[in-house]
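Worth saying up front: this structure is predicted, and the values here are computed from it rather than measured.
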Number of protein chains: 2
Amino acid sequence: MSSLVDVAREAGVAVATASRVLSGSAHPVSAATRAKVLAAAERLEYSPSALARAMVSPHSRLVGVLVSDIVNPYFSVIARGVDDVATRAGYVTMLSNVDRRTETELGRLRVMRDYRAAGVIFAGSGLIDDPHLPALVKAVRQAREQGVRAVALADRSLGCPTITVDNRAAAHDVTDHLVSLGHRRIALIEGPPGMIVTRQRREGFLACTAAAGLADGARCVPGGFDHEAGHAAALRLIARPPLPDAVVAANDEAAVGVLSALRQAGIDVPGEISVAGINDLGVARHVGLTTVSLPLYEMGAMAARRIVDSPPGPDAAPGSTTTLSHRLVARETTARRARTR
Amino acid sequence: MSSLVDVAREAGVAVATASRVLSGSAHPVSAATRAKVLAAAERLEYSPSALARAMVSPHSRLVGVLVSDIVNPYFSVIARGVDDVATRAGYVTMLSNVDRRTETELGRLRVMRDYRAAGVIFAGSGLIDDPHLPALVKAVRQAREQGVRAVALADRSLGCPTITVDNRAAAHDVTDHLVSLGHRRIALIEGPPGMIVTRQRREGFLACTAAAGLADGARCVPGGFDHEAGHAAALRLIARPPLPDAVVAANDEAAVGVLSALRQAGIDVPGEISVAGINDLGVARHVGLTTVSLPLYEMGAMAARRIVDSPPGPDAAPGSTTTLSHRLVARETTARRARTR
DNA sequence: TTGTAGGCGTTATCAA
DNA sequence: TTGATAACGCCTACAA
């Protein structure tokens with residue numbers, strides 16, 4: 001690898017001059033000199049060291065994204081949004097899986113700060129009564145003081161800007177859709193225990209059923225965010241009749257698990273029971289699942305944009321919250337309640 | 001952020017000494033001095049600059065992974081394997097989506113080299129008759145000379161170590177499974193046109209059907225790697241009777257698309273037709289899809305291991321190929337051919 | 001318009 | 001065993 005010194009020597013100019021033309025500086029350089037430098041750089045196949053650049057600038061062109069698990073499509077889509085924006089802006093995405101462990105998140109944040117990341121995006125939901133939260137909050141504050149932008153994609157009280165959706169409202173809306181179709185006994189298959197997003201969606205569900213005077217028919221059962229959890233929860237529902245009129249699953253994946261359990265049991269959807277999810281990932285469209293579309297890609301993209309567009313220096317932006325809108329997408333797994341039982 | 005200079009001053013020792021204890025050097029340091037330095041570092045919350053370290057060492061602790069699209073679970077699983085190993089070894093994963101564009105891959109490789117990445121993993125399949133391949137091969141060679149390890153996870157003739165599976169054999173084996181179940185007229189729904197992996201799987205399919213004397217019954221139809229492609233291909237198959245006895249889809253996602261098309265058409269699986277995929281991602285287990293299990297996670301993990309375990313310096317390892325084994329997983333979407341038609 | 005020089009934070013070399 | 005110093009490659013005052 002040839003360095004700026006090599007290029008300067010080859011072009012017969014000072015290092016500073018070479019730097020000025022090659023780094024797109026505003027400093028004036030004569031056309032002739034510029035041409036010489038460019039030619040030399042071309043000949044030597046010069047490519048600036050991103051490391052050295054980052055050393056002397058307020059931050060590197062690295063953007064970190066902390067996800068619970070990249071295999072979960074919820075996070076893949078966010079990561080895709082982050083990376084598209086980052087790449088277009090000349091940045092590189094650093095990815096880390098943290099398995100919902102706040103301590104791991106803390107460790108990864110430190111590593112990213114040590115690379116002088118331009119910013120770090122916290123994509124995962126927080127935990128209820130998280131004993132490690134204070135440590136993370138403190139680390140986030142310090143990182144921000146050092147110029148690392150932080151953005152959260154879920155309500156976590158991290159003391160940094162948050163870009164998220166109203167999970168409570170999303171759960172409310174999908175439940176309301178079921179209510180409006182005439183369903184009276186509705187079950188919610190909850191997300192993983194201990195997660196804030198699980199609580200938010202439960203609250204939305206309960207608020208809607210209560211408002212509709214369906215408190216008696218509303219039933220929350222333990223679940224999770226994957227096929228197996230939804231499948232298992234549905235089996236439990238089936239085992240304890242009467243079957244509810246409708247089911248809201250914690251997310252699309254769980255809803256798909258519910259669908260397969262019902263199908264295996266010979267229960268018709270939406271004839272005998274309606275099923276809905278939340279997220280609207282690829283699978284939902286494919287199986288015709290009624291769900292709530294969440295702007296996941298946009299959340300990632302917007303978070304990245306916030307980072308790459310931000311002027312350098314300590315980040316003083318307060319912990320504002322931007323709430324993106326969601327949208328009910330009615331498909332074939334929900335239908336008007338046909339008969340009484 | 002306090003630097004090594006700060007720590008040295010605080011401890012009352014020379015910078016070199018502080019560096020020796022804090023970087024775990026083999027150079028001897030007295031216990032007393034060591035303690036002083038450690039205490040000072042603790043007080044100042046010292047954390048070494050990864051950037052400065054990378055500047056003076058042969059490479060950074062960054063591992064790059066180039067995927068076609070992280071939203072595709074095939075790549076998410078690989079990325080997860082890479083990240084798990086990288087993180088455990090104290091490295092950070094840089095992720096880039098390249099949308100199957102070799103030129104983009106080339107650009108991202110350059111960026112990662114500019115960060116002095118320890119290595120770069122090419123996760124995607126190559127293209128047939130790719131006009132940009134020579135440029136990429138050259139860039140890979142140069143990167144390797146500069147100390148960047150390169151690993152490919154598909155047969156691409158990149159001139160670097162390759163860790164992959166035998167796609168030809170995988171397609172052969174799943175086809176053979178169908179043949180052994182008595183199926184005579186078997187259709188292959190191909191992957192995206194122009195991809196090497198598409199050709200390999202087709203070759204395996206054709207080799208198997210030919211060997212079984214089923215050349216007449218073997219039929220290759222255009223498809224793709226997603227739900228929609230599989231769905232559309234199945235519809236075309238249905239539209240032109242007779243329906244084949246069995247279908248091999250290019251991958252699991254396409255197979256799921258096939259299943260839904262058949263279901264919508266009221267065609268029983270596996271009663272009237274057997275369906276199989278390739279990859280064995282989460283969805284396959286869930287829908288009970290017969291498929292071929294590919295060690296995707298292990299491929300990513302092994303590639304990362306190769307990089308983090310490799311001693312620094314120019315990479316001279318020849319373009320060896322490690323082929324990991326696959327395994328047929330028979331589930332409920334395939335069954336013995338019941339009746340003649 | 002161009003050049004000189006200092007510094008970013010670390011590790012490694014060479015002396016002491 | 002410890003210390004001073006030279007890199008690594010770049011950018012940016014400051015000087016000319």
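To the nearest 0.5 Å, the span separating CG on A:D315 from CD on A:E145 amounts to 10.5 Å. In this structure, B:D155 CG and B:T321 OG1 are separated by 6.0 Å, a value rounded to the nearest 0.5 Å. In this structure, CZ in B:R53 is found 13.0 Å from CG in A:L51, a value given to the nearest 0.5 Å.
B:V13 comes within 4.0 angstrom of sugar-phosphate atoms only, judged by non-hydrogen atoms across all strands, and of no base. A:L4 comes within 4.0 angstrom of the backbone, heavy atoms only, and of no base.
Spacing between atom CZ of A:R9 and atom P of C:dG3 amounts to 14 Å, rounded to whole angstrom units. A:R116 has its CZ atom 7 Å from the C1' atom of C:dC8, to the nearest Å. A:H27 has its NE2 atom 7 Å from the C1' atom of C:dT2, to the nearest Å.
For B:R306 (side chain) and B:G119 (main-chain N/O), no donor-acceptor pair under 3.5 Å exists by modelled atom type.
Of all nucleotides in DNA chain D, those with any atom nearer than 4.0 Å to a heavy atom of chain A start and finish, going 5' to 3', at D:dG9 to D:dA13.
Of the residues in residues 31-58 of chain B, those with a non-hydrogen atom less than 4.0 angstrom from any atom of DNA chain D are B:T33, B:M55, B:V56.
Within a 6.0 Å sphere centred on CG of A:D129, heavy atoms belonging to other residues, nucleotides or ligands number 12 at most.
Listed pair B:S19 / C:dG9 fails the phosphate criterion, with no side-chain N or O lying under 4.0 Å from OP1 or OP2.
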Under 3.5 Å, which donor-acceptor pairs do the side chains of residues 65-72 of chain A form with other protein atoms, sequence neighbours left out?
residue	atom	partner	partner atom	Å
A:D69	OD1	A:V71	N	3.1
A:D69	OD1	B:R80	NH1	3.1
A:N72	OD1	A:Y74	N	2.9

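Using a 4.0 Å cut-off between a side-chain N of Lys or Arg and a carboxylate O of Asp or Glu, A:E45 and B:R113 do not qualify as a salt bridge.
When all heavy atoms of A:R305 and A:V85 are compared, the pair lying nearest together is N-CG1, 3.7 Å.
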